[in-house]
Amino acid sequence: MATKETQDHTQLKRVMGPKLLLLFIVGDILGTGVYALTGQVAAEVGGAAWLPFLVAFAVALLTALSYLELVTKYPKAAGAALYVHKAFGLHFLTFIVCFTVMCSGLTSAATASQAFAANLFVAMGIKADKSWVTIGALGFMLLVMLVNLRGAAESVRANVVLTLIELSGLLMVIVLGFYAISGGQADFSRVIAFDTPEDKSVFLAVTSATALAFFAMVGFEDSVNMAEETHDPSRIFPKVMLTGLGITAVIYVLVSICAVALVPVGELAKSSTPLVLVVKRAAPGLPVEYIMPIISMFAVANSALINMMMASRLLYGMSRQGVLPAFLAQVHRKNQTPWTAILFTTALAFCLIILVALADSQAIRALGGTTALLLLGVFAFVNVAVLVLRRERVKHEHFTISRVVPWLGAAACLFLVTPLTGRDVIQYQVAGWLLLLGVVMWGVTYLARRRESRMELDPSSLE
């Protein structure tokens with residue numbers, strides 16, 4: 001009976017082929033980052049805003065190659081925590097990786113809520129100051145919580161629809177942008193002009209912008225959770241993931257080129273809805289300026305809901321396995337949703353939004369940078385895990401990479417984590433407080449349960 005239950009739990013229905021998987025990966029990467037942070041990236045390097053996106057793509061590509069070796073070697077729906085657990089076998093380290101991924105979901109959702117509120121006020125024709133955007137972000141996060149409590153099930157079809165909406169907005173920017181450029185309405189010379197802050201060298205400005213632009217590239221790692229639902233993952237995953245990364249990189253470069261050619265960098269940097277500003281400048285006589293904010297809202301709303309669902313389920317899974325307080329594992333009788341975990345993660349998201357607002361910093365930049373910071377730390381461990389797990393053999397064929405790739409990937413990720421990139425201090429503060437909260441919760445649970453049994457965490461059974 002135990003064997004049968006295990007099989008039923010691990011054998012998911014394989015419904016995804018190359019096309020659906022490609023849409024899933026592209027849709028997961030596209031979203032809040034490019035819609036909200038293009039102006040902030042341009043503020044660091046001037047018109048050459050496309051360069052940080054290219055560098056971020058290169059770093060993401062190194063880590064994606066490491067993920068490909070691992071996901072084709074261990075095609076399980078667990079991701080980074082499973083790989084770290086297999087490589088090092090340290091339950092506390094596995095917990096830290098799980099909790100870090102959960103925290104990245106919270107900061108990503110909080111970033112999306114800020115972008116959603118900013119676009120909402122633009123769509124309504126209201127000039128809202130920082131306090132009103134913060135209130136709007138909190139209201140949106142409350143709405144996400146209600147949907148989450150209701151039991152919104154994530155589906156491939158819904159992801160396809162939302163991905164097409166996200167793509168339509170970015171393609172609108174590209175098509176209208178190049179149409180305006182060809183008509184002589186833009187200053188294309190700005191595209192190759194470096195305009196860095198006075199206190200930063202070109203190298204520091206590029207690395208600082210790359211650390212921020214990396215937020216726009218995250219999402220590819222989520223696709224490994226679809227491994228058990230993909231036909232022949234060992235063969236399909238490498239080609240599809242690399243294609244998805246390549247498509248998003250091309251889109252980001254083209255969007256950033258159109259943005260800086262049409263709108264001066266200073267205006268882009270000040271705007272919380274930079275792509276809306278680009279569309280207005282490219283086609284002032286068309287009503288697309290009202291459509292673009294709505295498309296942007298759909299794009300970032302999708303990111304927020306998916307990330308909050310992921311965060312609450314991870315928290316629930318860790319509580320159910322006894323590494324976090326038991327109250328977080330309570331399930332609503334009617335809706336069958338982890339209501340206490342949902343309330344807890346929403347409360348944390350509220351605190352993040354308010355904390356960043358009170359810190360008198362740029363909210364979207366701070367929260368987006370914190371998301372990238374947390375995930376870069378996880379990616380560093382994943383790259384090292386590839387090297388450690390080389391000694392473990394499996395019976396089936398799988399994707400393999402040169403030993404140089406994970407070393408370069410780990411080094412690049414670790415460098416982008418350090419203050420050498422010129423990261424804002426608030427990003428380290430937010431990440432530090434979140435991780436400290438996790439360690440404290442783990443410690444309280446350990447003290448409460450040490451007489452019962454030793455705490456363990458199985459990453460493949462978190463949800």
Side-chain angles (χ1 to χ4, degrees), residues 31-32 36-37 99-121 128-152 215 272 297 300-316 318-319 324-325 327-330 332 335 337-375 424-441 444:
T32 307
L37 291 174
F99 199 83
T100 301
V101 171
M102 189 276 295
C103 291
S104 72
L106 291 180
T107 53
S108 180
T111 310
S113 70
Q114 291 280 345
F116 181 93
N119 280 284
L120 175 63
F121 287 120
D129 58 17
K130 181 179 178 180
S131 59
W132 278 107
V133 172
T134 301
I135 293 172
L138 293 173
F140 171 68
M141 192 57 66
L142 184 63
L143 180 62
V144 170
M145 181 196 73
L146 294 176
V147 174
N148 207 349
L149 285 170
R150 185 73 177 168
F215 174 59
S272 57
M297 287 163 60
V300 300
N302 183 36
S303 299
L305 180 58
I306 289 175
N307 278 286
M308 289 304 290
M309 289 180 68
M310 178 273 288
S312 60
R313 269 59 177 183
L314 269 180
L315 206 67
Y316 161 76
M318 286 187 281
S319 175
L324 285 178
F327 78 90
L328 293 170
Q330 295 185 34
H332 194 277
N335 297 336
T337 52
W339 68 275
T340 51
I342 291 172
L343 293 179
F344 190 83
T345 50
T346 303
L348 286 178
F350 268 46
C351 292
L352 287 173
I353 294 169
I354 295 171
L355 173 66
V356 173
L358 293 176
D360 195 28
S361 63
Q362 295 170 318
I364 293 177
R365 178 191 179 98
L367 291 168
T370 304
T371 304
L373 174 65
L374 291 167
L375 286 176
D424 294 337
V425 175
I426 191 172
Q427 296 177 23
Y428 293 104
Q429 293 173 337
V430 172
W433 281 113
L434 285 172
L435 293 178
L436 179 61
L437 174 64
V439 173
V440 169
M441 292 172 67
V444 170

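Remark: L315 CG to M102 CE distance equals 5.0 Å, nearest 0.5 Å. Put simply, CG on L373 and CG on L367 are 12.0 Å apart, with the number rounded to the nearest 0.5 Å. To the nearest 0.5 Å, the span separating CG on L314 from OG1 on T100 amounts to 11.0 Å. In this structure, CZ on F116 lies 15.0 Å from OG1 on T111, to the nearest 0.5 angstrom. Separation of atoms CD1 (I342) and CH2 (W339) is listed at 10.5 Å; rounding is to 0.5 Å. Interatomic distance, OG of S108 versus CE of M310, reported as 7.5 Å (0.5 Å rounding).
The two residues S319 and P325 have their closest heavy-atom pair at OG-O, 2.6 Å. Contact record, A329 with T340: N-OG1, 4.0 Å, taken as the closest heavy-atom pair. The shortest heavy-atom contact between A366 and V356 is CB-CG1, 3.9 Å. Closest non-hydrogen pair, A341 versus S312, comes out as CB-O, 3.4 Å. Heavy-atom minimum distance, A301 versus F140: CA-CZ, 3.7 Å. Across all their heavy atoms, L324 and G438 have their closest contact at CD2-O, 4.5 Å.
Between F344 and F327, the ring-plane angle classifies as perpendicular under the 30° and 60° cut-offs.
Residues satisfying the side-chain contact (heavy atoms from CB on, under 4.5 Å) criterion with V439, sequence neighbours excluded, are F92, I96.
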After noting the C-alpha distance and the side-chain angles of N307 and T371, does the key distance pass the side chain to side chain contact (heavy atoms under 4.5 Å, CB included) rule? CA-CA 11 Å; N307 278 286; T371 304; over 6 Å; no

Any chance you could lay out the side chain to side chain contact (heavy atoms under 4.5 Å, CB included) test for L434 and T107, step after step, and finish with the verdict? CA-CA 10 Å; L434 285 172; T107 53; 3.9 Å; yes

Show your working on side chain to side chain contact (heavy atoms under 4.5 Å, CB included) between T346 and L142 and close with a plain yes or no. CA-CA 8 Å; T346 303; L142 184 63; 5.6 Å; no

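Remark: the backbone N or O of V144 is not paired with any side-chain donor or acceptor of N148 at under 3.5 angstrom.
For the pair L355/Q429, no side-chain contact is recorded, criterion being any heavy-atom separation below 4.5 Å from C-beta on.
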